[in-house]
There are 2 protein chains.
Amino acid sequence: MSENVTAQEGVLRELRILIASGQLEPGQQVVQDSLAASLGVSRVPLREALKVLEGEGQVTYHPHRGYFVADLSIDDLVEVYRIRSLLEDEAIRVGVPLLTDEDVEYLEDILNDVEAAAKSQDVSAVTAANRRFHFALFEASNMPRLVRLIKNQWDATDAYRGVYFAAPTNLAHMNQEHRTMVAALRARDVEKSVALQAAHRENSVSVVSQVIKKP
Amino acid sequence: MSENVTAQEGVLRELRILIASGQLEPGQQVVQDSLAASLGVSRVPLREALKVLEGEGQVTYHPHRGYFVADLSIDDLVEVYRIRSLLEDEAIRVGVPLLTDEDVEYLEDILNDVEAAAKSQDVSAVTAANRRFHFALFEASNMPRLVRLIKNQWDATDAYRGVYFAAPTNLAHMNQEHRTMVAALRARDVEKSVALQAAHRENSVSVVSQVIKKP
DNA sequence: CATGTGAAGATTGTATCCAATCCTTGGAGC
DNA sequence: GCTCCAAGGATTGGATACAATCTTCACATG
């Protein structure tokens with residue numbers, strides 16, 4: 001496993017997990033003193049990590065009042081996915097024609113990881129491998145800034161997406177979609193790739209919106 | 001003028017100016033100790049401000065080595081403008097149909113500011129008012145996250161755009177473009193608005209790319 | 001000459017301490 | 001009861017001090 005070079009880096013990772021898992025609830029204030037203590041660091045690296053999350057829209061900041069876990073309204077969710085579609089479509093349109101045969105093979109390797117994780121019911125491994133797959137594709141665009149923005153949009157909804165891969169039917173469906181997508185990639189069929197990625201997003205947004213509606 | 005609630009806020013503003021004006025040169029390391037001293041603060045608020053700029057891509061960060069002012073390659077520039085066009089097109093497509101008559105009037109008021117600043121050769125006032133105009137338009141979309149991303153892209157090239165408004169011919173050209181655009185807005189002509197905004201960008205990118213090429 | 005090594009200096013990373021601000025709570029006045 | 005206000009506690013903002021890491025450079029070694 002990759003070790004942390006700085007404490008702040010580890011704190012950032014921990015914070016993402018706390019938010020994504022809902023242990024830090026949306027709307028709740030992030031009390032720096034207690035949280036820093038529970039993470040075993042001082043407030044300085046925690047605050048810098050929070051600044052990063054603020055930039056990503058994961059937390060909001062009010063001077064002299066502190067940081068609060070951002071909660072997504074349905075409107076926010078719609079906006080995030082609209083932005084995702086703009087950015088992802090571009091990444092795929094640019095990237096697919098640039099794919100080498102080795103790239104396609106690499107993507108298939110990742111898909112094998114996804115399916116292996118699915119078989120062993122390891123939800124977190126599935127989400128991780130799924131993410132690797134899609135971002136390997138996006139990175140084929142050779143547009144690092146674009147990829148970073150896409151990453152931010154994914155992170156913004158991470159807290160709500162955990163449930164998706166829990167249902168076995170969803171897993172099966174996803175695997176099928178992935179295989180279809182790789183076929184489109186191998187054929188360098190740009191528009192079909194874009195359409196399949198869009199379908200993937202639609203699944204995600206419908207699931208997440210149900211999670212948001214509940215409370 | 002708006003006062004700073006926190007030092008960090010002011011530091012961030014100062015840093016943006018230092019970068020945009022080239023006093024902090026691209027590629028150069030940001031030495032925290034001396035910079036903090038010259039800004040009259042300690043390293044803590046400076047570091048948090050740098051984290052914000054890192055998130056915007058204005059500086060890069062290497063653990064244990066520090067922050068370095070990002071310099072845009074031509075490739076970066078092209079990417080930033082490509083992203084801008086994706087995002088701005090969407091903002092305009094969504095926003096223009098939502099414009100109220102009051103919104104259009106407000107936009108015209110800003111244009112008057114722009115032209116007044118142009119007449120008095122106040123370059124920084126022109127850039128500020130120009131920015132207000134375009135973002136007032138973008139904000140009509142009611143998509144705050146989208147607007148924020150656009151803002152980041154503008155900031156990423158701010159350091160290089162200073163020259164544009166120095167030339168009087170550019171100023172005249174810009175005023176004409178703006179007036180044409182307002183006419184399109186008043187007619188709620190979405191596609192024409194998008195096209196005019198695109199032309200505006202093209203001007204900007206050609207100017208900036210010349211600035212980058214030189215050194 | 002090339003290369004490794006180690007110590008000193010420079011710079012960043014983090015902890016701790018104090019100041020500034022905000023929020024709560026209780027009571028006084030009406 | 002309602003509103004205003006003040007005091008105390010809680011929390012954040014920032015400065016300082018120290019630890020960890022990197023960089024540089026002189027020097028030894030092959």
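Side chains included, hydrogens not; waters and symmetry mates left out as well; all remaining heavy atoms used.
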> salt bridge (Lys or Arg N to Asp or Glu O under 4.0 Å): which pairs involve residues 144-154 of chain B, sequence neighbours left out?
Replying inline: D76(A)-R145(B)
>> Tell me the bend of the helix from dC1(C)-dG30(D) to dC30(C)-dG1(D) as the angle between end helix axes, each from five pairs, rounded to the nearest 10 degrees.
In response: 10°
> V190(B): what forms a side-chain contact (heavy atoms from CB on, under 4.5 Å) with it, not counting sequence neighbours?
Replying inline: R93(B), V96(B), P97(B), V194(B)
> Got a sec, which residues hit salt bridge (Lys or Arg N to Asp or Glu O under 4.0 Å) with D75(B), two or more places apart in sequence or on another chain?
Replying inline: none
> Contact class for E48(A) (heavy atom, under 4.0 Å): base, sugar-phosphate, or nothing?
Replying inline: nothing
>> Test of understanding: with side-chain contact (heavy atoms from CB on, under 4.5 Å), list the residues that count as partners of A118(B), not counting sequence neighbours.
In response: V126(B), L171(B), N175(B)
>> If I take atom CG in residue N4(B) and atom P in nucleotide dG13(D), what distance separates them, rounded to the nearest angstrom?
In response: 14 Å
>> Considering only residues two or more places apart or on different chains, which pairs with a residue in residues 107-134 of chain B satisfy ring pair (Phe, Tyr, Trp, His ring centres under 6.0 Å)?
In response: F133(B)-H178(B), H134(B)-W154(B), H134(B)-H178(B), H134(B)-H200(B)
>> Can you measure L39(B) atom CG to dA15(D) atom P for me and round it to whole angstrom units?
In response: 11 Å
Could you give the side-chain donor-acceptor pairs of residues 22-29 of chain A under 3.5 Å, partners two or more places apart or in another chain?
from   : atom 1 : to     : atom 2 : distance (Å)
Q23(A) : OE1    : S21(A) : OG     : 3.1
Q28(A) : OE1    : E25(A) : N      : 2.8
Q29(A) : NE2    : R65(A) : O      : 2.8

> Does a side-chain N or O from Q8(A) land closer than 4.0 Å to OP1 or OP2 of dT14(C), or not?
Replying inline: yes
> Which pairs with one or both residues in residues 44-57 of chain A pass side-chain hydrogen bond (donor to acceptor under 3.5 Å, both in side chains), sequence neighbours excluded?
Replying inline: Q8(A)-E48(A), R16(A)-E56(A), R47(A)-E48(B), E48(A)-R47(B), K51(A)-E54(A), K51(A)-Y67(A), K51(A)-Q8(B)
> In B/S/- notation, 5' to 3', how is nucleotides 6-12 of chain D contacted by protein heavy atoms closer than 4.0 Å?
Replying inline: -----SB
> Hey, is R84(A) close enough to D89(A) for a salt bridge, meaning N to O under 4.0 Å?
Replying inline: no
> Is S42(A) near enough to dA15(C) that one of its side-chain N or O atoms lies under 4.0 angstrom from OP1 or OP2?
Replying inline: yes
> What is the distance, rounded to the nearest whole Å, between atom NZ of K51(B) and atom C1' of dG13(C)?
Replying inline: 11 Å
